[in-house]
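One structure below.
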Amino acid sequence: MLVLGIESSCDETAAAIVADGAEIRSSVVASQILTHAKYGGVVPELASREHLRKIGPVVEEACQRARLGVRDVDGIAVTEGPGLVGSLLVGLVYGKALAHALAKPLVGVNHLEGHIHAVLLEDKMNHLAGRREEEAQLPAVTLVVSGGHTSLFLVEERRSPSNSHPIVFHYTRLGKTRDDAAGEAFDKVARLLALGYPGGPMIDQLARSGDAQAVDFGRIKMKGNPLDFSFSGLKTAVLYRVRGTPLALEAQERRAWRQARERVSSDELRAHCSQATLDLIASFQNAVVHDLVERALAAANAARVDSIFVSGGVASNSLLRARCEEASRAQGVRLRFPSPALCTDNAAMIAAAGYYKLKAGQLADATLTAHASLPLGT
Ligand code: KG4
Ligand code: ZN
């Protein structure tokens with residue numbers, strides 16, 4: 001079954017064609033980073049306009065790269081939420097209109113479900129190509145960690161009662177952030193220190209030159225659900241360490257230097273950072289990663305599963321990957337990360353999640369619409 005996936009929930013316009021939820025025939029992502037970088041974050045109105053400009057060409061390119069016409073697909077999967085409503089609507093209305101015009105079945109996919117399926121999709125691809133002997137195990141605890149979300153889910157698969165074959169996935173939310181998402185914290189700290197947008201990849205690079213033990217941010221203790229997250233206090237703690245100090249002046253100078261340049265490499269930026277700034281960056285990253293790893297392993301323990309998936313933009317963070325590997329090995333837990341291209345927003349993950357919905361007959365009707373907040377699971 002060939003599924004066309006369409007994703008436009010934030011600042012990437014993406015389309016992909018995936019066969020049987022297991023083989024990426026094409027995956028096209030048009031990033032809007034340069035549009036938003038000068039504002040230090042995503043500007044919703046600009047994002048919608050960019051999606052409108054790009055959605056048609058991106059879908060066309062996905063078909064061309066897969067060497068097929070849009071009529072050849074067996075179904076269409078679109079992201080219905082959560083995300084920016086104006087952005088979501090562009091992909092959703094496009095997918096809906098296409099499905100209607102071509103008389104193809106349509107399914108709505110939760111963006112977070114897409115991130116979870118990025119892991120399963122890549123795992124299936126690796127397994128089919130003989131690169132991995134053992135398939136990912138469900139039930140699993142999944143940490144979805146991105147610019148908009150930081151949540152832990154228990155993911156289980158169940159056979160659909162309506163049909164003997166299709167698999168239906170069941171999600172139970174075990175924890176979530178009470179304020180900022182981890183990626184949002186990376187982006188806000190990067191903005192404060194004039195490191196550019198998005199901040200995560202740059203902090204990841206620069207932190208390698210800093211001392212992660214230089215600043216002790218203490219531990220974040222959660223009242224109530226111990227599997228919840230909170231990152232806004234950490235972000236404020238960084239702010240207090242910068243405001244009114246030489247680091248603020250340094251950031252101001254960096255901002256002025258950056259303004260004249262469209263793209264700045266991490267090496268160039270490193271040369272414009274003092275050791276104290278690099279130490280602060282490394283310590284901040286260390287604190288975020290520590291919390292993510294600790295909660296993910298605690299969730300696996302609490303849910304009594306021995307399989308952990310980590311997905312979403314922040315899952316490409318090199319320290320998070322290394323620490324998760326170490327901790328999982330020590331705890332005897334199987335760990336899966338998608339490759340970086342499937343960690344950040346893409347439409348292959350939407351097509352993969354949509355495949356199971358199409359198989360299970362969970363079709364959308366004309367009432368399908370975009371939702372800024374759309375909780376996943378129970
Ligand atoms: O999944 P994604 O593309 O979009 C959302 O659904 O939010 O994630 C984007 C987020 C941004 O906040 C970005 O700074 C962060 O992922 N990110 C990273 C890294 N690469 C992207 N954060 C930390 N380290 C990275 N290497
Ligand atoms: Zn995302």
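Nothing fancy with the numbering, it's 1 onward along the sequence.
- When side chains are defined from C-beta on, Arg263 counts as touching Leu34, because their heavy atoms get closer than 4.5 Å.
- Side chains of Phe229 and Leu152 form a contact here, defined as non-hydrogen atoms less than 4.5 Å apart.
- For Arg304, the CZ atom sits in a loose shell: 12 or fewer heavy atoms of surrounding residues, nucleotides or ligands are nearer than 6.0 Å.
- Note: Tyr171 and Phe169 have parallel aromatic rings, judged against thresholds of 30 and 60 degrees for the angle between ring planes.
- In terms of hydrophobic clustering, with Ile, Leu, Val, Met, Phe, Trp and Tyr side chains grouped at heavy-atom distances under 4.5 Å, Ile6 and Ile350 are assigned to different clusters.
- Using a 4.5 Å heavy-atom threshold, the side chains of Leu247 and Ser274 count as touching.
- Using a 4.5 Å cut-off between side-chain heavy atoms of Ile, Leu, Val, Met, Phe, Trp and Tyr, with links allowed through other members, Leu84 and Val58 fall into different hydrophobic clusters.
- Under the 3.5 Å distance criterion, with hydrogens and angles disregarded, a donor-acceptor pair is assigned to the side chains of Asp179 and Ser230.
- The shortest distance between side-chain heavy atoms of Val78 and Lys96 does not fall below 4.5 Å.
- In this structure, Tyr356 has its ring center under 6.0 Å from that of His117.
- Using a cutoff of 4.0 Å between basic side-chain nitrogens and carboxylate oxygens, Glu184 and Lys188 are scored as salt-bridged.
- With hydrogens and angles left out, the side-chain atoms of Thr13 and Glu50 include no donor and acceptor closer than 3.5 Å.
- The distance from atom CE of Met1 to atom CG of Leu358, rounded to the nearest 0.5 Å, is 5.5 Å.
- Going from atom CZ of Arg25 over to atom CZ of Arg67 covers 11.5 Å, rounded to the nearest 0.5 Å.
- Ion pairing between a basic and an acidic side chain is recognised when a charged N comes within 4.0 Å of a carboxylate O; Glu250 and Arg254 show such pairing.
- Under a hydrophobic-cluster definition in which Ile, Leu, Val, Met, Phe, Trp and Tyr are linked whenever side-chain heavy atoms come within less than 4.5 Å, directly or via other members, Leu174 and Ile116 are assigned to different clusters.
- When the shell of 6.0 Å around NE2 of His100 is examined, it contains 12 or fewer heavy atoms from other residues, nucleotides or ligands.
- A parallel orientation is assigned to the rings of His272 and Trp257, their planes being inclined by less than 30° (bins at 30° and 60°).
- Each of Leu374, Leu112, Asp345, Leu92 was checked for a side chain to side chain contact (heavy atoms under 4.5 Å, CB included) with Ser9, and the lone residue meeting it is Asp345.
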Val215 and Arg241: CA distance, side-chain angles, deciding distance, side chain to side chain contact (heavy atoms under 4.5 Å, CB included) verdict: CA-CA 10 Å; Val215 183; Arg241 292 205 168 248; 3.3 Å; yes
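- Within the model, atoms CG of Asp180 and CZ of Phe186 stand 12.5 Å from one another, a figure rounded to the nearest 0.5 Å.
- Proximity of Glu7 to Val29: side-chain heavy atoms (C-beta onward) are nowhere separated by under 4.5 Å.
- Here Glu134 contributes atom CD and His127 contributes atom NE2; the two are 9.5 Å apart, rounded to the nearest 0.5 Å.
- Once rounded to the nearest 0.5 Å, the distance linking CZ of Arg255 with CG of Leu193 reads 8.5 Å.
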CA sep, side-chain torsions, deciding dist, call: Tyr355, Val18, side chain to side chain contact (heavy atoms under 4.5 Å, CB included): CA-CA 8 Å; Tyr355 163 74; Val18 174; over 6 Å; no
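- Leu106 approaches Ala99 most closely through the heavy-atom pair CB-CB, 3.9 Å.
- Counting heavy atoms of neighbouring residues, nucleotides and ligands inside a 6.0 Å radius, atom CZ of Arg178 exceeds 12 of them.
- No donor-acceptor contact under 3.5 angstrom links the side chains of Ser265 and Asp267, judged on distance only.
- Looking only at distances, no side-chain donor or acceptor of Lys235 sits under 3.5 Å from a matching main-chain atom of Val189.
- Ala364 approaches Gly108 most closely through the heavy-atom pair CB-N, 4.2 Å.
- For Ser146 against Gly312, the heavy-atom pair with the smallest separation is CB-CA, 4.2 Å.
- Side-chain atoms of Asp279 and Gln275 include a donor-acceptor pair closer than 3.5 Å.
- Formation of a donor-acceptor pair under 3.5 Å by the Asp20 side chain with backbone atoms of Glu23 is not found in this model.
- Cluster annotation: Leu335 is connected to Val289 through the hydrophobic network of ILVMFWY side chains, with a link wherever side-chain heavy atoms come within less than 4.5 Å.
- Closest approach of Ser373 to Pro82, counting heavy atoms only: CA-CB, 4.0 Å.
- Neither side chain, Arg208 nor Ser266, offers a donor N or O lying under 3.5 Å from an acceptor on the other.
- We find the CD-NE2 distance between Glu12 and His51 to be 8.0 Å, quoted to the nearest 0.5 Å.
- Follow the hydrophobic side-chain contacts under 4.5 Å out from Leu68 and you never reach Val28; the two are in separate clusters.
- Minimum interatomic distance between Glu156 and Pro139 (heavy atoms only, all atoms of both residues): CG-CB, 3.8 Å.
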Residue pair Val141, Val333: steps toward the side chain to side chain contact (heavy atoms under 4.5 Å, CB included) verdict: CA-CA 10 Å; Val141 156; Val333 171; over 6 Å; no
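- Looking at every heavy atom in both residues, Ala15 comes nearest to Leu4 through CB-CD1, 4.4 Å.
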Worked check of side chain to side chain contact (heavy atoms under 4.5 Å, CB included) between Ile281 and Gln285: CA-CA 6 Å; Ile281 291 169; Gln285 174 178 265; 5.6 Å; no
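- Residues Leu227 and Met222 have side chains not in contact (no heavy-atom distance under 4.5 Å, counting atoms from C-beta outward).
- For the pair Val314 and Val288, the minimum side-chain heavy-atom distance is 4.5 Å or more.
- Here the side chains of Leu120 and Phe309 are in contact, with some heavy-atom distance below 4.5 Å.
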